[in-house]
Amino acid sequence: GANAFVGRWRLRCTDGPAGTLSLLRDGDVELRSEAGELLGTGVAPWTYRQREKGASTVLVRFSVDVAGGEWDVLYFTGAVDAEGGPGRRLEGSLSTG
């Protein structure tokens, strides 16, 4: 469930912001720069879909309002392997709106 993705993640994009993404237990999302400056917060609580029986992937969606940036609002859709251990990765795609 949510324990697979709640926590801190390093955000790297081909074309977009970079920093630390925090998915908090209360449903909020924060994006901070490498220096710790708050760049954006969640527009709405993150959502996820439980993994299906026999699968290990949890699907995750969230949006972040990036203050003062050229990206406006970032929408993320992706997945994480709930059984991936400490090396697991939250991977997906970002779009802007």
Side-chain angles (χ1 to χ4, degrees):
N3 287 335
F5 62 86
V6 167
R8 291 184 182 178
W9 299 90
R10 180 162 169 70
L11 177 66
R12 287 181 279 204
C13 302
T14 306
D15 182 28
T20 300
L21 191 62
S22 297
L23 282 83
L24 308 175
R25 291 201 172 281
D26 65 1
D28 203 3
V29 180
E30 293 180 347
L31 175 60
R32 294 188 178 272
S33 70
E34 300 289 331
E37 175 188 358
L38 184 64
L39 300 176
T41 56
V43 174
W46 48 255
T47 61
Y48 76 102
R49 190 168 71 204
Q50 286 278 17
R51 59 187 175 170
E52 296 181 17
K53 187 175 181 177
S56 63
T57 303
V58 176
L59 302 176
V60 183
R61 298 183 116 166
F62 59 83
S63 54
V64 178
D65 185 1
V66 181
E70 61 188 89
W71 301 286
D72 195 26
V73 177
L74 299 175
Y75 298 94
F76 177 84
T77 302
V80 63
D81 183 350
E83 297 174 4
R88 71 190 188 283
R89 296 169 60 129
L90 177 60
E91 297 183 313
S93 62
L94 282 174
S95 59
T96 58

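All values below were derived from every heavy atom in this structure, side-chain atoms included, with hydrogens, water molecules and symmetry-related copies excluded. Note that the structure is a prediction, hence the values are computed from the model and not measured.
Looking at heavy atoms from C-beta onward, T57 lies out of side-chain contact with R49 at the 4.5 angstrom threshold. Between V29 and L24 the shortest side-chain heavy-atom distance does not fall below 4.5 Å.
Here the closest non-hydrogen pair linking A82 and V58 is CB-CG2, 3.9 Å. Closest heavy-atom contact between V73 and S63: CG1-CB, 4.2 Å.
Between F62 and F76, the ring planes are parallel. Angles under 30° get that label, and only those over 60° would be called perpendicular.
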Step-by-step salt bridge (charged side-chain N to carboxylate O under 4.0 Å, His left out) determination, E91 to R12: CA-CA 10 Å; E91 297 183 313; R12 287 181 279 204; over 6 Å; no

Trace of the side chain to side chain contact (heavy atoms under 4.5 Å, CB included) decision for L94 with L74: CA-CA 6 Å; L94 282 174; L74 299 175; 4.1 Å; yes

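Distance CG/L11 to OG1/T20: 9.0 Å, rounded to 0.5 Å. Interatomic distance, CG of L90 versus CZ of R10, reported as 14.0 Å (0.5 Å rounding). Atom-to-atom distance recorded for S56:OG and D81:CG is 3.5 Å, nearest 0.5 angstrom.
Under the 4.5 Å side-chain heavy-atom criterion for ILVMFWY residues, no single connected hydrophobic cluster contains both V43 and V64. Under a hydrophobic-cluster definition in which Ile, Leu, Val, Met, Phe, Trp and Tyr are linked whenever side-chain heavy atoms come within less than 4.5 Å, directly or via other members, W46 and L59 are assigned to different clusters.
Considering T41, L38, L21 in turn, L21 is the only one that fulfils the side-chain contact (heavy atoms from CB on, under 4.5 Å) rule with L31.
A donor-acceptor pair is defined here as one N or O able to donate and one able to accept, closer than 3.5 Å; such a pair exists between the side chain of R88 and the backbone of A4.
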